[in-house]
Amino acid sequence: MTYPFSTFESKWQDRWRESAAFRADADPARPKYYLLEMFPYPSGRIHMGHVRNYTIGDVLARYRWRRGFNVLHPMGYDAFGQPAENAAIKRGVAPRAWTDSCIEQMEMELRRLGFSYDWSRRVATHTPEYYRWNQWIFLKMFEKGLCYRTHAPVNWCPSCQTTLANEEVIDGKCWRCQIPIERKELEQWFIKITAYAEELLKDLDQLTAWPERVRTMQKNWIGKSEGAEIWFWVQGSGEKIPVFTTRPDTIFGATYVVLAPEHPLVSKLIAGKPQAAQVRAFIEKVRRQSKEERLSEDRPKDGVFTGAYAINPVNQEPIPIWIGDYVLVEYGTGAIMAVPAHDQRDFLFSKAHDLPMRVVIQPPQGTVPLEDDASAWKQAYEEVGTLVSSKQFDDHPSDAAKKEIAAWMESQKMGRRTVQWRLRDWLISRQRYWGTPIPIVYCRSCGTVPVPENQLPVELPGEAPMTGEGGSPLAKVKAFVEIKCPKCQQPARRETDTMATFIDSSWYFLRYCSPRETKLPFRPEEADYWMPVDQYIGGVEHAILHLLYSRFFTKFLRDAGLTKTGEPFQRLLTQGMVLKDGAVMSKSRGNVVDPDELIQKYGADTVRGYVLFAAPPEDELEWNDKAIGGIERFLNRVWALSEKAKPVPASAAAGDLRRKIHRAIKRVTDDLESFKFNTALSALMELSNALQEQTESAAGFREGVETLVQLLYPFAPHLAEEAWQQLGHTDSLTRRTWPTFDPAALKTSEVTLIVQVNGKVRARLTAPADADKAVLEKMALADPNVQKWLNNQPLRQTVVIPNKLVNIVI
RNA sequence: GCCGGGAUGGCGGAAUUGGCAUUCGCGCCGGUCUCAAAAACCGGUGGUCGCAAGGCCGUGUGGGUUCAAGUCCCACUCCCGGCACCA
């Protein structure tokens, strides 16, 4: 017999909604708490990952309300994206209708879990009221020169039929469909996120309440390298080859230069040279290779001599210019200076093509010097050391020489100090229908014209032919494409690509602050009150993509004067995945557990309780169909206790029971502050077990049950509210002040100490709390068990830790 | 290769931050109730030796510090995640 959850869960959900229990309004007089969970893509039904994410958020929101905070806890839908469009292609449903019905279904299921959202702030990114501000922000960026359109090699997913940002390519595959991406040369829109690279990197240091893992991932992704650009002039021509290096200290050891096969200078260098045909054949060969093939490590480094020479600026030495497949055109300057003695890749290349090596760094004194004959080496020496054969820099330590040589070369106009980033500008054009139209018009006489602000939103047409055969569907909608130029009124064409949907989610947390605002994306004064998000919760799969873009957007909007916040998310909790049989739940594996079915069977509180109890929030959660029964039994017992306590008059708890009650308050409170929901529930179970052993006439029985119900509230709010009412209260627990514990109540008059002999537990003794060290030592030595182990041997040392232990060393 | 995280009973996981290893829950074993089963409730449950009292061993491996180590230090193994011919 389970407790009658089905009769009261919906009742409390209705009551919370009718009383607007979780409605939040900006109120500078009250401390705010902005709690946010990553909003879902409306796929139709919620899955266990959603349940876990949103349950964690709900526990914290309810707890914060009860701690007196003004809590902003909104929910919405990240509603643009490919699944809706794919459904349209497959089944002929209009994306908007499909999306709207998915939202409806999802919201019903979310409501059945009793989450404490301020539903009045709901946003959905596919509405013109929302996406017009994507366009508005895009135009602001365009004004500031942060949006540009250019012809570039881009990532193309042949299955999704669209371009992708670098962040959307995982292991050379599309993040959405796992299909290997291709390179294409296309004209596309980019956002200059690299303009914020330095700040995005630097501010990671402020994010001390983010998981180290996420900060490291972002740091790696941004990839800052400090070094120098060095200019090598081509012998007998006016051409300059800039190379980037992080090791200017090795410049005197540069014995050749290597260009990427795609380097723009190649054709000039080989013109009229006998090597020309061979070079062209090599470039053709490289072009035919896939990116993975070319980048796979431990394959021999292939290359070819151009016939041209460059001058090493520091010693005027002519050195050969090669082309090599290990040099990437998209990083640095697409060309390198090769120092085979001190770079492993150059070392391997020089071995393969019999190129000269020169040692310019010797290991620090006291270690074995390098063999003079470098041809016998097995690998390059990449460590620090002392410079040799480097003219005026001889005997300088290599790490200091990095800066000295770079500065000297800058003064001699041989190059400049510079920084390279791995981060690329963000490609945002998508050749898809279901997204925000890019608010740009192309005019024959005026060129690229931004749509004027007063003409926003550029509405997405309700229908477009979607064939799945590629090409932007909007290009086929005449009424959309053909327009008069906003500047000269001559016939012009609209941009027909849509924006990457990651733009939608890059500022939605600001929109929640003023979800119905019509003049601006959000009201600055409201954002100033609510922002930053105090606690953000979501999956670690967004560690780079969404979190990096959101940080960038926030910084841009700050610089545009709309918000004072520079970092959107103060604290970040990345919840672990929900697994079944050791694997992520998926339809194709057939290991999906449907949350809604479980709610029917066990009730929302049990499902919530289980996902909180089964594992710490950051860890993976292995679903166990049997273990959920443990939570069911626990909640049943709480229900039974509240029924038992109903007729019992209040009486003050004392002694042991009082201690257990206050201990539970302390533990649950501490655990909520540090997100240890699993141990918080353990503490509640212990209190419940302790009450179970009491008769209802025991002093403080009612107090114990009432405390249990109060502490259970954030985890199982429906049951707690119902039980609270059963116990004769008329107020809702939602706004009732969180219980506090009395530190004095935690103390006991007697404590059990352990007695160790040589570090092993040999006896236990009961002593008054805070007893004197000498007294405890005496008691311990008098214990018969201890006597037996001491066996009259002389004592060497005795360690006494009051209230804990006595350790006797013999 | 570089960076980040981890390894504790049959299982999920605890351990007041150096002080009784395994809270709590699942599973399993035994019992109560029942014609029976389920549910519920009660008891037990790291390994090993022992009739018992009790002993010995035990937190990935090897060493160290300490009266005392899951926790600190050194060296390693394996697993998970990120980056990577990035110059």
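This structure is a prediction, so every number in the text was calculated from the model and none was measured.
- In this structure, CG of A/L765 is placed 19 Å from P of B/G19, rounded to the nearest angstrom.
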Return the polar atom pairs (N/O with N/O) between nucleotides 21-28 of chain B and the protein under 3.5 Å, or none.
from	atom 1	to	atom 2	distance (Å)
B/U23	O2'	A/E686	OE1	3.4
B/U23	O2'	A/E686	OE2	2.8
B/G25	OP1	A/N689	ND2	3.3
B/C26	OP1	A/R633	NE	3.0
B/C26	OP1	A/R633	NH2	2.7

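- B/U71: glycosidic angle beyond 90° from 0, hence anti.
- For the pair A/K760 and B/C57, the criterion of a side-chain N or O lying under 4.0 Å from OP1 or OP2 is met.
- Each of B/A15, B/C83, B/C85 was ranked by its minimum atom distance to the side chain of A/K676; first place goes to B/A15.
- You'll find that the side chain of A/E212 is closest to B/G4, out of B/A87, B/C85, B/G4.
- The nucleotide B/U16 finds no pairing partner, because no Watson-Crick or G-U wobble arrangement with both distances shorter than 3.5 Å includes it.
- A distance of about 16 Å separates the P atoms of B/C49 and B/G10, rounded to the whole Å.
- Residues A/R762 and A/I808 are not in side-chain contact: their nearest non-hydrogen atoms beyond the backbone lie 4.5 Å or more apart.
- Comparing the C1' positions of B/G13 and B/G6 gives a spacing of 14 Å, expressed to the nearest Å.
- Between A/V214 and A/R424, the residue anchored closer to the 5' end of RNA chain B is A/V214, taking for each the nucleotide with the nearest heavy atom.
- To the nearest angstrom, P of B/G82 lies 17 Å from CD1 of A/I222.
- Because its glycosidic torsion is more than 90° from 0, B/G50 is reported here as anti.
- Note: CZ (A/R422) to P (B/G82) measures 13 Å, nearest angstrom.
- For A/A614 and A/R762, each mapped to the nucleotide of RNA chain B holding its nearest heavy atom, the one lying further toward the 5' end belongs to A/A614.
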Evaluate A/E198 against A/K224 for salt bridge (Lys or Arg N to Asp or Glu O under 4.0 Å), listing each step before the verdict.
CA-CA 8 Å; A/E198 186 76 62; A/K224 180 181 185 176; 2.8 Å; yes
What are the atom names and distances for every N/O pair under 3.5 Å that joins the protein to nucleotides 43-53 of chain B?
none

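- One donor-acceptor pair, N or O on each side, does fall under 3.5 Å between the base of B/C67 and the side chain of A/N807.
- Side-chain contact between A/I193 and A/L200 is present, with heavy atoms from C-beta onward closer than 4.5 Å.
- With hydrogens and angles left out, the side-chain atoms of A/W221 and A/E167 include a donor and acceptor closer than 3.5 Å.
- Taking every side-chain heavy atom of A/P616 into account, B/G13 is the closest of B/G13, B/C20, B/A87.
- Two residues are said to be in side-chain contact when any heavy atoms from C-beta on lie closer than 4.5 Å; A/L795 and A/I810 meet this criterion.
- For A/K301, whose side chain is taken as the heavy atoms from C-beta onward, the closest listed nucleotide among B/C85, B/G82, B/U16 is B/C85.
- The same atom, C1', is picked in B/U34 and in B/C41; the two are 14 Å apart, to the nearest Å.
- Between A/D343 atom CG and B/G1 atom P there is a gap of 17 Å when expressed in whole angstrom units.
- Checked against the 6.0 Å centroid criterion, the rings of A/W322 and A/F349 qualify as a close aromatic pair.
- In the set B/G55, B/C85, B/U16, the nucleotide with an atom closest to the side chain of A/R345 is B/C85.
- With sequence neighbours excluded, no residue satisfies salt bridge (charged side-chain N to carboxylate O under 4.0 Å, His left out) with A/R52.
- Of the C1' atoms belonging to B/G63 and B/A84, the separation is 34 Å, rounded to the nearest Å.
- Straight-line distance between the C1' atoms of B/U65 and B/G12: roughly 34 Å, to the nearest whole Å.
- Taking the P atom of each, B/U59 and B/G5 are spaced 24 Å apart, rounded to whole Å.
- For A/T216, whose side chain is taken as the heavy atoms from C-beta onward, the closest listed nucleotide among B/C56, B/C67, B/C3 is B/C3.
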Let's go through A/K747 and A/D770 carefully: what are the C-alpha distance in whole Å and the side-chain angles of both, what is the deciding distance for salt bridge (Lys or Arg N to Asp or Glu O under 4.0 Å) to 0.1 Å, and is it a yes or a no?
CA-CA 10 Å; A/K747 292 204 172 145; A/D770 302 320; 5.3 Å; no
Would A/R764 and A/D783 count as a salt bridge (Lys or Arg N to Asp or Glu O under 4.0 Å) here? Give the steps.
CA-CA 9 Å; A/R764 252 160 256 274; A/D783 188 282; over 6 Å; no
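- Judged by Watson-Crick or G-U wobble contacts below 3.5 Å, the nucleotide B/C2 has B/G82 as its partner.
- Between A/I754 atom CD1 and B/C67 atom P the separation is 17 Å, expressed in whole Å.
- The side chain of A/S225 places an N or O atom within less than 4.0 Å of a non-bridging phosphate oxygen (OP1 or OP2) of B/A87.
- How far CD1 of A/I230 is from CZ of A/R416: 12.0 Å, rounded to the nearest 0.5 Å.
- A donor-acceptor contact under 3.5 Å is formed by the side chain of A/R764 with the base of B/C20.
- B/G18 and B/A69 have their P atoms separated by 14 Å, with the value rounded to a whole Å.
- Phosphate proximity of B/G4 to A/N220: absent, as no side-chain N or O sits under 4.0 Å from OP1 or OP2.
- Between the C1' atom of B/C86 and the CD atom of A/E226 lies a distance of 15 Å, rounded to the nearest Å.
- Separation of the C1' atoms belonging to B/G70 and B/U23 is 15 Å when rounded to the nearest angstrom.
- Rounded to an integer number of Å, the gap from A/M337 CE to B/C85 P is 20 Å.
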Under the salt bridge (Lys or Arg N to Asp or Glu O under 4.0 Å) criterion, do A/R667 and A/E686 qualify, and how do the steps go?
CA-CA 11 Å; A/R667 284 177 60 190; A/E686 283 178 59; 3.3 Å; yes
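- A/V59 places a side-chain heavy atom less than 4.5 Å from the side chain of A/F677.
- For the pair A/L805 CG and B/U66 C1', the computed distance is 14 Å after rounding to whole Å.
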